[in-house]
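Take a look at the structure set out below.
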Amino acid sequence: MWVIVGGAVVNVVTGDSYSRPGCFDERVILLACGIGACAALVMLNIGLSIEKSASATIMRNMDIVLAFVVQVFLFKERADWLCMLGACLIVTSAISVTLENAFCPSFFWQI
């Protein structure tokens with residue numbers, strides 16, 4: 001329900017109108033994206049139930065870095081300094097949490 005309301009608000013604010021996919025190829029791509037996203041969420045939930053939460057969260061946050069790499073190298077888009085700063089912060093925090101879990105594993109049990 002909120003998706004419909006949000007979409008309507010965005011359409012009114014930006015002045016864009018909804019248009020259906022034009023050709024069969026666009027519909028197939030949209031369907032493949034939807035199926036892929038659904039499968040990714042299912043696998044994420046299974047992985048989170050199997051793996052420890054700290055390492056699973058680190059792997060989940062690396063999606064942002066992967067999206068940055070795809071943006072820069074695959075789509076040849078220029079990255080501004082905020083994109084690079086965000087990617088560096090995510091990688092640095094992931095490394096620091098991994099090192100903290102490796103060298104101070106009893107810290108999380110004290111909280």
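Remember, it's a predicted structure, so these values are computed and weren't measured experimentally. Values below: all heavy atoms of this structure, side chains included; hydrogens, waters and symmetry mates excluded.
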Exercise. To the nearest 0.5 Å, what is the distance between CG (Leu89) and CG (Leu82)?
Worked result: 10.5 Å
Problem set entry | Pairwise distance CG(Leu85) to CD1(Ile90) - rounded to 0.5 angstrom | 10.0 Å
Exercise. Between Ser96 and Ser93, which heavy-atom pair has the shortest distance, and what is it?
Worked result: OG-O, 2.9 Å
Exercise. CD1 of Ile35 to SG of Cys38: how many Å apart, nearest 0.5 Å?
Worked result: 8.5 Å
Seminar exercise, completed: Heavy-atom nearest pair, Gln71 first then Arg78, reads NE2-O, 4.0 Å
Exercise. Phe73, Phe68: one ILVMFWY side-chain cluster at the under-4.5 Å cut-off?
Worked result: yes
